[in-house]
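Comments concern the structure below.
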Amino acid sequence: MSLMQELHTRITEIVVSEFGNPEAKAPDFDLPPEAAMGHLSMPCFPLAKTCRRAPRQIAARIAELLVDDPRVASAEAAGPYLNLRLRPADWFAEVLPSRLKGDAGEGLLPDEERRHVVVEFSCPNTNKPQHLGHVRNNVLGQSLARLLAAVGHRVTKVNLINDRGIHICKSMLAWQRWGEGETPQSSGLKGDHLVGRYYVLFAKKLAEEEQAWRAANGYGEKGTPEEEQRRSAAFEQASGLLADTRAMLVRWEKEDPEIRSLWSTMNGWVFAGFDETYRRMGVTFDKVYYESNTYLLGRDLVEDGLARGIFERHESGAVQCPLPELKLDPKVLLRSDGTTIYMTQDLGTAVERHREIPFDEMIYVVGSEQEHHFKVLFTILGKLGHAWAEKLYHLSYGMVNLTTGKMKSREGLVVDADDLLDELHSSCLRVMNESERRSDFEESKKAEVAAALADGALKYYVLKVNPRLDMLYDPQKSIELTGDTGPYLQYALARIRSLVRKSGLDPAACGDFGALGEAEEIELLKLLAFWPRQVLLAAEQRNPARLAGRIYDLARAFSSFFSAHSVFDRVEDPALAQQRVALAAAVGATLEQGLELLGIATPERI
RNA sequence: GCGCCCGUAGCUCAACCGGAUAGAGCAACGGCCUUCUAAGCCGUAGGUUGAAGGUUCGAGUCCUUCCGGGCGCGCCA
């Protein structure tokens with residue numbers, strides 16, 4: 001048990017014995033708002049009711065009884081708050097070795113709370129390259145998976161690629177019609193970018209067709225909203241391009257060899273492109289599924305539900321699920337022509353997934369615009385009698401908006417993931433080339449470091465924002481490399497590594513910490529002591545942004561310490577140098593763990 | 001119309017599920033490299049937390065109403 005835990009237990013004992021309240025449990029320790037107040041604080045308000053005593057009296061009494069505790073250097077009541085100071089040497093001796101070894105400590109869940117968690121994320125379409133929205137998804141999913149694993153869960157990362165459907169046929173049709181046999185090789189384009197180009201081209205040709213159609217029908221002027229809606233619907237019926245696309249989908253479903261061949265060729269290009277982007281971002285999966293293999297799942301499930309009276313047949317012939325508990329209209333699960341829809345597939349996929357991987361919990365990392373869909377999905381699975389439906393969770397994240405407005409992939413108004421990484425890469429290179437300190441870097445080394453920094457800049461930019469919120473992407477700000485950024489964190493870590501290396505001292509060889517005690521050192525100690533709990537909280541709340549903030553706090557505290565004090569150079573007392581190196585190394589190990597949990601690269605030198 | 005989410009410094013975001021004086025970065029201004037990495041550090045300035053009520057020892061956080069914004073409510077995916 002850690003010192004903090006011991007003291008917490010001790011305080012609970014005091015509360016029980018002093019105030020005769022067997023139910024009471026001391027509130028969690030907090031950091032006092034001012035360092036001068038002490039190391040730990042505890043508000044005593046929550047105890048007031050059950051102890052039937054004023055908070056300040058409780059704080060005072062606990063302080064009184066703790067003064068003689070050998071683990072405590074000082075204990076005082078500041079009004080209703082209890083402020084404690086530990087003996088720094090003892091606290092350092094406990095925390096530093098533990099952080100150096102990367103012990104999870106309180107950050108590790110007890111065996112009975114560990115689960116097998118499936119995290120499904122990324123799930124791209126094969127009709128376009130990945131953009132910033134996908135980046136947010138990838139980076140969130142990857143980080144969440146690592147966080148959950150870090151606190152003791154077993155995690156399976158899963159990707160379900162949307163590789164079929166009418167939208168895929170659009171890029172296929174455009175390539176077939178206007179591509180003139182262009183390939184990634186002939187064009188020098190990454191496969192996903194090439195296909196994306198034809199998806200955009202399709203949208204352009206369709207818009208032209210619609211314009212011509214409107215002109216021919218005398219719809220030059222914009223009508224009322226109702227009229228416009230009718231016209232759009234009429235155009236959808238009249239469009240030759242759309243009709244051809246639908247025909248292509250039918251041929252695809254009939255496994256027409258020509259269409260299937262075109263499909264696998266173009267998908268192959270996209271997969272190769274995706275692989276490169278994933279590799280670049282350090283995103284990996286334990287299992288990859290393809291919708292072309294799973295899209296038929298679910299029909300039997302619906303038929304079965306119909307037979308069991310859970311679903312009903314509408315007079316049109318469609319099968320639907322009534323949803324009075326959500327106060328919603330019935331959700332159609334099979335169209336009147338018997339075909340399946342998105343929801344049907346998701347139902348089938350979930351059931352199949354649980355059969356294959358008997359998870360305790362599954363997290364879908366999907367944009368917030370699908371909250372309604374998942375609410376309905378989980379409800380229907382529950383109605384079908386799957387107890388695990390309660391263990392499904394939609395990690396809903398907000399949209400990434402641009403300073404110029406919304407992203408629209410059909411119109412090519414997106415920030416492309418690869419382009420953005422390239423831009424960040426050259427920005428990092430430029431800074432390195434301008435720096436005299438880095439004049440001895442080899443060119444290949446520079447490129448390697450720039451890649452790592454670009455990785456950190458992008459991921460941290462995305463991860464530091466609470467997933468739930470929409471975020472704004474500002475191209476100017478995102479290539480900033482100073483201040484609250486990924487490179488700042490990576491830089492702090494690289495400095496520590498260099499420092500420890502140059503000191504020639506073994507951080508682990510340090511047994512005594514009596515020389516430490518400067519304000520900046522204590523600040524670091526507190527952050528390190530709370531670290532395992534922060535990891536646990538971030539995992540519990542499924543919020544990497546929480547951890548990102550704590551990593552930044554730690555890096556900033558170290559930078560302050562580093563500016564204020566010499567670690568070993570010109571430090572007279574060898575014991576002090578040794579202890580400061582151990583402190584630096586412990587911070588380094590923690591930063592390293594934190595960055596790893598965010599999926600951010602940690603270059604040795606910067 | 002109904003449902004969900006958001007509104008904090010000029011801008012982008014924090015605030016450890018209700019705790020002490022709401023914090024960072026960027027932008028602005030002023031300092032700090034013959035010493036362990038200046039992608040750094042220190043300082044100045046910047047706020048009626050959209051508005052009004054309420055709940056309580058205590059509210060940016062919870063409740064109500066209003067204002068403003070986003071996203072949904074397909075036999076599309």
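Letters A, B, ... are given to chains in the order of the sequence lines, protein chains preceding strands, and every chain is numbered from 1.
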Query raised in the report: R550(A) or A492(A): which one's nearest nucleotide on RNA chain B is closer to the 5' end?
Result: R550(A)
Requested in this report: Assign R546(A) to base, sugar-phosphate, or nothing according to its heavy-atom contacts below 4.0 angstrom with the strands shown.
Outcome: sugar-phosphate
Query raised in the report: Any donor-acceptor pair under 3.5 Å between the side chain of N83(A) and the base of A20(B)?
Result: yes
Query raised in the report: Of the nucleotides C13(B), G74(B), C16(B), which has the atom closest to the M471(A) side chain?
Result: C13(B)
Query raised in the report: Tell me, which pairs form a salt bridge (charged side-chain N to carboxylate O under 4.0 Å, His left out) where one or both residues lie in residues 481-499 of chain A, sequence neighbours left out?
Result: K464(A)-D484(A), R497(A)-E592(A), R497(A)-E604(A)
Query raised in the report: Rounded to the nearest Å, what distance is computed from the NZ atom of residue K327(A) to the C1' atom of nucleotide G3(B)?
Result: 11 Å
Polar atoms only, N or O, under 3.5 Å: list the protein pairs with nucleotides 4-8 of chain B and their distances.
residue, atom, partner, partner atom, Å
C4(B), O2', E371(A), OE1, 3.2
C6(B), OP1, R468(A), NE, 3.3

Query raised in the report: What interatomic distance, in whole Å, is found between P of U48(B) and the corresponding atom of A28(B)?
Result: 24 Å
Requested in this report: Take the protein atom CZ of R495(A) and the nucleotide atom P of C33(B), then report the distance between them rounded to whole Å.
Outcome: 16 Å
Report task. Check whether the aromatic ring of Y491(A) stacks on the base of U37(B), taking stacking as ring centres less than 5.5 Å apart and planes within 30° of each other. Result -> no
Report task. Taking Watson-Crick and G-U wobble pairs with both distances under 3.5 Å, convert RNA chain B into its dot-bracket string, 5' to 3', dots for unpaired and | for cross-strand pairs. Result -> (((((((..((((.....[...)))).(((((.......))))).....(((((..]....))))))))))))....
Query - Sequence neighbours excluded - salt bridge (charged side-chain N to carboxylate O under 4.0 Å, His left out) pairs with any residue from residues 316-335 of chain A - result: E325(A)-K383(A)
Requested in this report: Determine the Euclidean distance between corresponding P atoms of C17(B) and U64(B); express it in Å to zero decimal places.
Outcome: 22 Å
Query raised in the report: Counting any heavy atom closer than 4.0 Å, what does I341(A) reach on the DNA or RNA strands: base, sugar-phosphate only, or nothing?
Result: sugar-phosphate
Report task. Can you tell me, in whole Å, how much space there is between the C1' of A14(B) and that of G54(B)? Result -> 28 Å
Query raised in the report: Going by ring centres under 5.5 Å and near-parallel planes (under 30°), is Y342(A) stacked on C76(B)?
Result: no
Query - side chain to side chain donor-acceptor pair (under 3.5 Å) partners of residues 564-584 of chain A, not counting sequence neighbours, each pair once - result: E520(A)-H565(A), E521(A)-R580(A)
Report task. Can you sort out the partners of Y364(A) under ring pair (Phe, Tyr, Trp, His ring centres under 6.0 Å), two or more places apart, ordered by chain and number? Result -> F374(A), F378(A)
Requested in this report: Could you work out the separation of C62(B) and U8(B) based on their P atoms and round it to a whole Å?
Outcome: 15 Å
Query raised in the report: Picking from C42(B), A14(B), A20(B), which would you name as closest to the side chain of S560(A)?
Result: C42(B)
Query raised in the report: Taking NZ, NE, NH1 and NH2 as the nitrogens, is one of them in R85(A) or E76(A) under 4.0 Å from a carboxylate oxygen of the other?
Result: no
Report summary line: Between CG of D28(A) and P of G18(B) the distance, given in whole Å, is 13 Å
Report summary line: Checking A24(B), C71(B), C75(B) against the side chain of Y552(A) (C-beta onward), the nearest is A24(B)
